Amino acid sequence: MKLNTFINCAFVIASIALVPGIAIAQTANNDSGNPLAVNSNNLPTQFKNNSVLQPFQTAFFAYQGYFKPEGISSAGALVFQYKGGEITAVDVVKAAIKANRLPAQTLNDTDYINAVDSQLRSFSRD
């Protein structure tokens, strides 16, 4: 059981560390010349304006604190609030919409919301 917990923790930590690279690989490069260019609110330039985040990216960006200005806690606080039912996948999607990272009609996409929920649930596994 301890080995299983260790492997799960290692997986989560590795996933968090690799997300920026994975996210950049999944998104087309823009014309800024620097694929890692960061704008004023610390989101990589690829996620500005017309780029739509994948559910995986939305959940990880919430975990990393990119939606703090929209009222979504990050890291352990996000997991704690999700486990307690204080934050839902819909809340995270609404925050991403408010931050102009997703179109408003994403709230009608149950598959997208379920995928964000699945990712949030994976953060909260013991």
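All values derive from a computational prediction rather than experimental measurement.
Looking only at atom types and distance, the side chain of Asp91 has a donor-acceptor partner in the side chain of Thr88 under 3.5 Å away. Inspection of the Ser74 and Tyr66 side chains reveals no N or O donor paired with an N or O acceptor under 3.5 Å.
Scanning both residues, Arg101 and Ala99, for their nearest heavy atoms gives NH1-O, 2.7 Å. For the residue pair Ile72 and Ala62, the shortest heavy atom distance occurs at CG2-CB, 4.1 Å. Between Tyr112 and Leu53, the shortest heavy-atom distance links the atoms OH-O, 2.8 Å. Closest heavy-atom contact between Ala89 and Val116: CB-CG1, 3.9 Å. Summarising the geometry of Gly65 relative to Pro69, their closest heavy-atom pair is O-CD, 4.5 Å, with the distance given to 0.1 Å.
Judged by distance alone, the side chain of Ser122 and the main-chain N or O of Gln119 form a donor-acceptor pair under 3.5 Å. In this structure, the side chain of Asn114 engages the main chain of Thr110 through a donor-acceptor pair within 3.5 Å.
Remark: Ile97 CD1 to Gln105 CD distance equals 8.0 Å, nearest 0.5 Å. For the atom pair Ile113 CD1 and Leu107 CG, the distance stands at 5.5 Å (nearest 0.5 Å). Taken to the nearest 0.5 Å, the NZ atom of Lys94 stands 13.5 Å off from the CG atom of Leu102. We find the NZ-CG distance between Lys83 and Leu120 to be 13.0 Å, quoted to the nearest 0.5 Å.
The shortest side-chain heavy-atom distance between Val52 and Pro103 falls under the 4.5 Å cut-off. Residues Phe67 and Thr58 have side chains in contact (heavy-atom distance under 4.5 Å, counting atoms from C-beta outward).
Using cut-offs of 30° and 60° on the angle between ring planes, the pair Phe123 and Tyr63 is tilted.
Phe80 and Leu78 fall into different hydrophobic clusters, where Ile, Leu, Val, Met, Phe, Trp and Tyr side chains are chained together by heavy-atom contacts under 4.5 Å.
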